[in-house]
Amino acid sequence: MSKTRPEGLARGLTDYGDPAFSLYLRRSFALSTGLSAELLSRPVVGIATSSSGFNNCHRHFPELLDAVKRGVLAAGGLPLEFPTISLGEVFLHPTSLKYRNLMSMDVEEMIRAQPMDAVVLMGGCDKTVPAQLMGAASAGVPAVQLVGGPMMTARHRGERLGACTDCRRYWAQYRANKVSAVEINEVESRLATTAGTCAVMGTASTMACLAEALGMSLPGTAAIPAVHADRLRAAEATGRAAVRLMANGIAPRQVMTPSAIENALRVLLAIGGSTNAIIHLAAIAGRIGTEVSLTRLNELSDTTPVLVNLKPSGEHYMEDFYAAGGMSAVLRELRPLLNLDCVSVTGEALAARLDAEQALYVDRAVIRPAHDPVAPVGGLVALFGSLAPRGAILKRSAADQSLFESEGRAVVFESLQDLALRIDRDDLEVSPGDFLVLKHAGPTSESGMPEAGYLPIPGKLARSGVKDMVRISDARMSGTAFGTVVLHVTPEAAAGGPLALVKSGDRIAISVSKRRIDLLVDERELARRRQAPGSQAYRPARGYARLYAEHVLQADQGCDFDFLQGS
Ligand code: FES
């Protein structure tokens, strides 16, 4: 670290017009914490904690925090934790994505405003990790990510259960009258039974893997279960790494480069990861002045095999992924496709990491070799066409292939409220070959792009055994869901996208092989529909909701705020 710049508590002094007095005052107040002058003179590692009573996934963070502090102290730094907003996925209304940018601003500003030479980012639940990576990219202080790790699975009547693919599976069976009210209540207490993030390759696990692929977490730490002793050792090692990182002076933008983002996209495809990660990677890319091209995503998808056999696309759970070899095994299989000169927070290039890990064990039932993959092409694909000029996303690894080349009659729901009112009505005019369409659930809608794209199968069809249908929306989908679900239609309906013009009875065609999604309505009719008054745009009067509505970008730009992009 440069000796010409102030370090530790001398950084970023409070402005009283007399810097010497500001430092004197800060030191005197710091002494009131009871820490020794020797400790207070050390370089400072801030620890951004996102612990909260409203975040069950982070309930082990106090213990993890102790371990991080231990590592920082042992390496010669002073650990000082600070709280930020937490985003407990299932406790936020209307949806956690709406608050990701708020958390990223909190993280960025508190890193910048407080005197720290490096920062450890402690996150886990879905949107917390991208929020921290976005904030750290903008703040510019050396940063290392520590994720909370996944939950363990539990048992129900001899069957293994894990949040939250099994939550959705059981709920679908309950809706179809295949599971009783008594049993669904039993299952409720067996889905999420330990600290940690969802037990499958949902958004949290995907982002944990991508943080490691980006080089922002220590090698081998993404998949360690939350309650495993290795997780505490990873936390201690992360604290030590933060001290080394400040000495090396490696800023997040030197780690999260365009090449590293491309590596992360490869990994996303190979692990059959969450569609939400496309949005988060696009937002991170925007913070470093680049973009995630959905056309490029398709090129990568066609040349990246799915290697990981995990729910929701496959069979296993995150604890199995860790035992099977975790991210190291995935990266080694992908080696010929990766940018190997990318440097991680350890200061080591990816090539050197993989050289050192060549001989590690791999369980091939969970992590397949590249020459014998789970699927020969990537898990996600972008569709373009008259219905989605700027793209839409399909998780083909979690979808029914028999629907990939199909045409259907649209059954349209104008909003989430309309969906809730009509989806289970027996007089809903719908048959199994129809395409369900949900509008006004995109980024600028009142609900802030909820995970509502996994529209339920209409009650009467579910009861007759229908398990999947084509579903199209400008919403998102939980990373733990399964189905032929076309998401993130861009531009969204509320921003004047063609989705707004679709009416029940229209024909829609999708072709996954041609990467197309088209509304089969002639242009004169569409022009006529454009003249009709549209629905009122959501324009809140004040506060964060107003800031959000005025500045949120579309899904292909990561739903970040326009004024947060770039440097
Ligand atoms: Fe926190 Fe799934 S609810 S990771």
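Atoms within each ligand, like the ligands themselves, are counted from 1 in listed order.
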Interfacing atoms of ligand 1 (cut-off 4.0 Å, heavy-atom, E89): 3 (S)
For A204, atoms of ligand 1 separated by under 4.0 Å from a heavy atom: 4 (S)
Check: T128/R100 side-chain N/O donor and acceptor closer than 3.5 Å: no
Distance-only side-chain donor-acceptor flag, R396 / S301, under 3.5 Å: yes
Lys/Arg cation over aromatic Y548: K98, 6.0 Å, 45° cone: yes
Distance filter under 4.0 Å to C125 heavy atoms, resulting ligand 1 atoms: 1 (Fe), 3 (S), 4 (S)
H58 and F61 aromatic ring geometry - parallel, tilted or perpendicular at 30°/60° bounds: parallel
Minimum-distance protein heavy atom relative to atom 2 (Fe) of ligand 1: C198 SG, 2.3 Å
Residue pair L269 / L380, side-chain heavy-atom distance below 4.5 Å: yes
C57 near atom 2 (Fe) of ligand 1 via N/O/S, less than 2.8 Å: no
Atoms in ligand 1 with a heavy atom of T197 nearer than 4.0 Å: 4 (S)
